[in-house]
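If you're wondering where the values come from, they're calculated on a predicted model, not measured in any experiment. Numbers here are sequence positions counted from 1.
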Amino acid sequence: MEIIFKNQPGKIQQHIYSVAIVLLVSAVCYAFFQNTGYHSVALILMAAVSVIAMFFEITPVITAAVLSALIWDYFFIPPRFTFQIGNEEDILMFLMYFIIALLNTVLTIKKRQFEKKAREKEGEENLLKLYNTILNSLSNELRKPIAAIKGATDKLLSKTQLVDEKLKTDLISEISVASLRLNRQVENLLNTSRLESGTLKLNGQFCDINRLLYAVISEFRENEYHHKIETILPESLPFFNIDFGLMEQVLLNLVHNAINYSPPGSTITLSVEYEKDKLILRVDDEGLGFPKDQIDKAFDRFYRLTNPGTGGTGLGLSVVKGFVEAHKGKVFLENIRGGGARFTIVIPAITSYINSYKDE
């Protein structure tokens, strides 16, 4: 009934539907009465009332129960076409029908109310579990960059310790890395909240993919992350109508994931293809790849490989999936033969070869 009625009808409509169902079932029973008998009709009408009780409130169901009892008495119990009942056995059967129909109505509705409360309780428990997971994950992940920033600033501000230029540069670099890590965790948390609340809206504009990749790469300085980032692009690419900010977040999360799960000094490759009005982006790394039995879980919220020292809240890849799906696209994960992981993003995109930036 939830499929038939996306929103539960009002009480008046429920009464109308209940009466209509009872009348329809009664008409079918009347048409085949010679083959069934009035005892079978009672069971069929009771089944109809039971079905109504599964979906409607109590007063429309009571209406259906009373109406079905009267119809059964008038049209089916001998003598027919009168409300008189010919013998004591039929009188008892009529009373039992009425009582059972009402009891079945009350019990079914109580069962629905109990199931509703159980679902609400389960939803509250899941929500509480989600909040606890977020708090535990964030408390661990935010503590590290905050401690690093505090430790570095304490050394810089210390009057008892001499700080030479090299140490000062190292401490400032440490603060910068910790700040970026802190900002990334907060961004992923906020983006997860936007996805969960359904408030995410695309701001599509024609974008130069070269500009997008440059914006992503500029966030990762080699002296801080110790990885090489290379790009592979066709000579001529159209402009793609995408949300620049969301896709930047997608690639930032994928590159950061590649950095976490590949050795220092290895290369991360960003490649772009254009195929039949589809934008295809790939991020390859030279790490160990993903265990085959865990690839399907990679985009789940709070999922992390059991790899000590990588950190993270497990939100990055779920944000990637959410932002890509907001573009009506898909993201795939596979292992590269010879080592490493490959994330492939496929987005259907409107293209143009005319520079039509909104901000220019």
Side-chain angles (χ1 to χ4, degrees), residues 180-181 184-185 187-188 191-192 195 200 202 207 209-220 225-234 237 240 242-264 266-276 278-307 310-349:
L180 288 173
R181 182 175 181 178
R184 185 173 56 256
Q185 303 299 349
E187 283 285 344
N188 281 334
N191 289 332
T192 300
L195 290 168
L200 181 67
L202 290 182
C207 301
I209 299 302
N210 287 279
R211 180 183 169 215
L212 174 64
L213 297 188
Y214 176 79
V216 172
I217 294 173
S218 64
E219 294 288 330
F220 298 94
Y225 290 94
H226 311 293
H227 284 73
K228 298 177 182 178
I229 302 178
E230 297 181 351
T231 60
I232 301 176
L233 295 97
L237 274 175
F240 291 89
I242 57 175
D243 188 309
F244 187 95
L246 295 189
M247 290 308 301
E248 184 180 12
Q249 286 294 317
V250 166
L251 294 177
L252 285 172
N253 277 327
L254 290 181
V255 172
H256 180 74
N257 182 82
I259 289 172
N260 274 346
Y261 292 100
S262 60
S266 62
T267 301
I268 297 167
T269 305
L270 305 180
S271 59
V272 182
E273 291 182 18
Y274 170 52
E275 181 180 294
K276 295 181 181 179
K278 290 182 180 178
L279 171 63
I280 303 174
L281 299 168
R282 291 190 178 90
V283 178
D284 296 356
D285 64 50
E286 297 178 346
L288 298 176
F290 277 70
K292 292 182 178 179
D293 60 339
Q294 298 185 47
I295 286 180
D296 292 338
K297 303 176 183 178
F299 298 100
D300 293 348
R301 278 182 308 176
F302 305 113
Y303 170 78
R304 289 182 294 178
L305 288 176
T306 54
N307 188 348
T310 58
T313 57
L315 292 175
L317 294 183
S318 68
V319 169
V320 167
K321 181 182 179 183
F323 282 4
V324 170
E325 290 180 347
H327 283 82
K328 309 298 182 185
K330 294 183 178 180
V331 57
F332 307 94
L333 169 61
E334 61 183 326
N335 288 326
I336 303 172
R337 183 177 298 178
R342 169 177 291 166
F343 288 89
T344 302
I345 299 167
V346 181
I347 296 177

Kindly indicate, with the supporting measurements, whether the criterion side-chain contact (heavy atoms from CB on, under 4.5 Å) is fulfilled by Asp284 and Ile336.
CA-CA 8 Å; Asp284 296 356; Ile336 303 172; 3.8 Å; yes
If I take atom CD1 from residue Ile259 and atom CG from residue Asp285, how far apart are they, to the nearest 0.5 angstrom?
10.0 Å
Heavy-atom closest pair (Phe244 atom, Ala215 atom, distance to 0.1 Å) is CZ-CB, 4.2 Å
For the residue pair Phe343 and Phe290, does the interplanar ring angle fall in the parallel (under 30°), tilted (30 to 60°) or perpendicular (over 60°) class?
perpendicular
The reported gap from CG in Leu288 to CG in Asn335 (rounded to nearest 0.5 angstrom) is 10.0 Å
Any donor-acceptor pair under 3.5 Å from Glu230 side chain to Thr269 backbone
no
Salt bridge (Lys or Arg N to Asp or Glu O under 4.0 Å), that's the test. Do Glu273 and Arg282 meet it? Break it down for me.
CA-CA 9 Å; Glu273 291 182 18; Arg282 291 190 178 90; 2.8 Å; yes
Decide yes or no for Val331 and Val346: does some side-chain heavy atom of the first lie under 4.5 Å from some side-chain heavy atom of the second?
no
Would you check if Val255 and Val216 make a side-chain contact, meaning some heavy-atom pair closer than 4.5 Å?
yes
Between Ser262 and His227, does any side-chain donor sit less than 3.5 Å from a side-chain acceptor?
yes
Is there a side-chain contact (heavy atoms from CB on, under 4.5 Å) between Ile295 and Glu334? Walk through the geometry before answering.
CA-CA 7 Å; Ile295 286 180; Glu334 61 183 326; 5.8 Å; no
Heavy-atom closest pair, residues Pro263 and Gly287:
CD-CA, 4.0 Å
A side-chain contact here means heavy atoms from C-beta on lying under 4.5 Å apart; do Leu270 and Ile232 qualify?
no
Separation of Cys207 SG from Leu212 CG (nearest 0.5 Å):
7.5 Å
So CZ of Phe323 and CD of Glu248: to nearest 0.5 Å the spacing works out to 11.5 Å
With a sphere of 6.0 Å drawn around CD1 of Ile280, does it hold more than 12 non-hydrogen atoms of other residues, nucleotides or ligands?
yes
With a 4.5 Å heavy-atom cut-off, do Thr267 and Ile229 have their side chains touching?
no
Stepwise side-chain contact (heavy atoms from CB on, under 4.5 Å) check, Ile345 with Val250:
CA-CA 10 Å; Ile345 299 167; Val250 166; 3.4 Å; yes
If you round to the nearest 0.5 Å, how far is CE of Met247 from CD1 of Ile242?
5.5 Å
From Lys321 atom NZ to Asn253 atom CG, the distance as rounded to the nearest 0.5 Å:
15.0 Å
Does CZ belonging to Phe332 count more than 12 external heavy atoms closer than 6.0 Å?
yes
Pair Leu317, Leu254 - check side-chain contact (heavy atoms from CB on, under 4.5 Å), show working.
CA-CA 7 Å; Leu317 294 183; Leu254 290 181; 3.7 Å; yes
